[in-house]
There are 2 protein chains.
Amino acid sequence: MSDDIPRPLRGRPRTMDPGRVLDVAMTAYWHSDPADVSVNAICQMAGISKPSLYREFGSEDGLSRAALDRYADQVLSEMFVILHGATGLRQTLDALIDFACDDPRMETGCLFYKMRAGRHRLGPDTRARVEEIDAAGQAAYASFLQAARDAGDWPAGLSVEAGAKYLGEQIALAITQRASGEDPARIRDMLTLALSVFTRP
Amino acid sequence: MSDDIPRPLRGRPRTMDPGRVLDVAMTAYWHSDPADVSVNAICQMAGISKPSLYREFGSEDGLSRAALDRYADQVLSEMFVILHGATGLRQTLDALIDFACDDPRMETGCLFYKMRAGRHRLGPDTRARVEEIDAAGQAAYASFLQAARDAGDWPAGLSVEAGAKYLGEQIALAITQRASGEDPARIRDMLTLALSVFTRP
DNA sequence: GACATAAAATACCATATGGTAACAAATGAG
DNA sequence: CTCATTTGTTACCATATGGTATTTTATGTC
């Protein structure tokens, strides 16, 4: 994944740190909303000029896509860890509830969900990446639920596909509600209620 | 509610029909997204000039607020009818599911939910109205559920308040998913699953 | 020092936005 | 007919956007 760009031998040394710029962009997109953060604003926050940014990322689409990549690596991966290290249905659902409702990083919502909600405003590359992540997430939910089903615990008359979609949407809803300042206890109650369909006869 | 504006005795007769303009605006906001429709575009679609619109509605906030008012009158009222004419828990939930999943008017989503999702982008008046409608909706859900609870059918350990919030959010989710082109059958399955918590022991 | 090279910043472009000043046209009152 | 009144339209404003042509600055090479 690390691009190991060959540093040139001659020329003015670069002062712009792409990683730092990406951190700025990712945080701004994340804590506010991708549609409400302009490239101008990011340049100002990062203390660089616009052409510097455009040389590195090509376009706004390139920047937002790179920011989303970084977010997937640094943040979203944790959710996949929870799913892949699943021990049992109830425990893993509880872990997901804890993550969605209590993890301080999700206090201002999830960048991926924000981008997905406003995907029609994204550039083609970023949108493609959003759909990729969405599919990966759904697959992870599905394989987790399939394992639970194989282990026995499963409500009758529910397909794994439908359950995965449902689970994903309920978690997205909870995190999105956190971003909009809902009462955390209420959110937890609602998510617990929504996911109780998996663990009740 | 009808403003019965006294038509002046003198002056150029008006050709602009505020109702028609509001219909154009409401439909555009509704079928696209409030944040993606400019006043310029609305003027063009309605075939009027910008100052005409601004004389009538004062500002973009005034226009969007008026459009939301009209939407509440013409569309949202139906949902309140379903709730007030509630006959039983199961039947009314089914009616809500039908409305959310099958009503052709919700095929492109719900203007109210779209505005609520992007409320931070709205002007103060429109946002205030959104919150008003939100509270009214929640109250309607609560009184419906309270009646069901009084009638006997109610899961243990669930407050009416929490149930109302949950119900409202699940319906909002379903309608929002319709707007983003999800498979209608899948949406119905998910909403049915979500609302099954009300009707299962 | 002179020069190629790469990165930086300034200053700009076209476009779009919400909003308005200034003016034209259509009516009733005198 | 003249004039006030009301509406409508044209043309404009300041601001912001994504994006770029141009120039300046800092380096290694010769």
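No experiment lies behind these values; they were computed from the predicted model shown. Below, chains carry the letters A, B, ... as their sequence lines are ordered, and counting in each starts from 1.
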Taking the minimum atom-to-atom distance to the side chain of B/Arg55, which one of D/dA21, D/dG8, D/dA26 wins?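 Among the listed nucleotides, the one closest to the side chain of B/Arg55 is D/dG8.
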
Is A/Thr15 near enough to C/dA8 that one of its side-chain N or O atoms lies under 4.0 angstrom from OP1 or OP2?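 Yes, because at least one side-chain N or O of A/Thr15 sits under 4.0 Å from OP1 or OP2 of C/dA8.
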
Between D/dG19 and A/Ser59, is there an OP1 or OP2 to side-chain N/O distance shorter than 4.0 Å?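 No, no such contact exists.
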
Checking [Y] against [X]: is there a side-chain donor and acceptor pair closer than 3.5 Å?
X: B/Asn40; Y: B/Gln44; value: no
X: B/Gln138; Y: B/Asp134; value: no
X: A/Arg129; Y: A/Ser64; value: no
X: A/Ser52; Y: A/Ser49; value: yes

To the nearest Å, how far apart are [X] [atom1] and [N] [atom2]?
X: A/Arg10; N: D/dG28; atom1: CZ; atom2: P; answer: 11 Å
X: B/Glu60; N: C/dG19; atom1: CD; atom2: C1'; answer: 10 Å
X: B/Leu53; N: C/dG19; atom1: CG; atom2: P; answer: 10 Å
X: B/Tyr54; N: D/dC12; atom1: OH; atom2: C1'; answer: 14 Å
X: A/Asp17; N: C/dA8; atom1: CG; atom2: P; answer: 11 Å
X: B/Arg12; N: C/dG28; atom1: CZ; atom2: C1'; answer: 15 Å
X: B/Lys50; N: C/dA22; atom1: NZ; atom2: P; answer: 17 Å
X: A/Asp61; N: D/dG18; atom1: CG; atom2: C1'; answer: 12 Å

Over all strands shown, is A/Ser49 touching base, sugar-phosphate only, or nothing at heavy-atom distances under 4.0 angstrom?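 A/Ser49: base contact, heavy atoms under 4.0 Å.
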
Is any side-chain heavy atom of [X] less than 4.5 Å from a side-chain heavy atom of [Y]?
X: B/Ile97; Y: B/Leu195; result: yes
X: B/Arg188; Y: B/Asp98; result: yes
X: A/Tyr71; Y: A/Thr27; result: no

Sorted by number, the residues of residues 28-48 of chain A with heavy-atom contact under 4.0 Å to DNA chain D: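 Nucleic-acid contacts, sorted: A/Ser38, A/Val39, A/Asn40.
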
